[in-house]
Amino acid sequence: NTNFTKREFPVTLVCDNVTNAPNLGSLFRIAGAFGIEKLILCGDNISIGRRIAKTSRATEKVVDFEICESASKVIEELKSKNYQIISLE
């Protein structure tokens, strides 16, 4: 019953070729919980449907996201805007 102030952090999460619906839904929940500014999903055959909504618990409606084809192009664009890039595999 605690009222938390919603905060957003200047972090953009770029995910490459994550296509499994439960994994995508979990990414939305994590992004929402941690106040991620934007979620960018890269790759082919990424669609936001009922299976993702089930896992995400409707966070796909409140998390700012974008679907792009190429993660490397997204990273180059973010670099040109002076984003600090941290990469994990």
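Across all non-hydrogen atoms, the minimal contact from Cys15 to Val18 is CB-CG2, 4.1 Å. Between Ala71 and Cys42 the shortest heavy-atom distance is CA-SG, 3.6 Å. Shown here for Ala53 and Glu60, the closest heavy-atom pair between the two residues is CB-OE2, 3.5 Å. Of all the heavy atoms in Ala21 and Arg51, the pair that sits closest is CB-CB, 3.7 Å.
Note: Ile86 CD1 to Leu13 CG = 11.5 Å, rounded to the nearest 0.5 Å. Between Thr59 atom OG1 and Ile36 atom CD1 the span is 12.0 Å, to the nearest 0.5 Å. A distance of 10.0 Å separates CD1 in Ile46 from CD in Glu69, rounded to the nearest 0.5 Å. Rounding to the nearest 0.5 angstrom, the gap separating the CG atom in Leu41 from the CD atom in Glu66 is 9.5 Å.
Listed by first and then second residue, the side-chain hydrogen bond (donor to acceptor under 3.5 Å, both in side chains) pairs involving residues 72-81 are Ser70-Ser72, Glu77-Lys81 (not counting sequence neighbours). Residue pairs satisfying the side-chain hydrogen bond (donor to acceptor under 3.5 Å, both in side chains) criterion with at least one member in residues 15-27, sequence neighbours excluded, are absent.
Under the side-chain contact (heavy atoms from CB on, under 4.5 Å) rule, Phe28 has a single partner from Val62, Ile48, Thr55, which is Ile48.
Hydrophobic cluster of Val74: the remaining members, joined at side-chain heavy-atom separations below 4.5 Å, are Val14, Ile40, Ile75, Leu78, Tyr83, Ile85, listed by chain and number.
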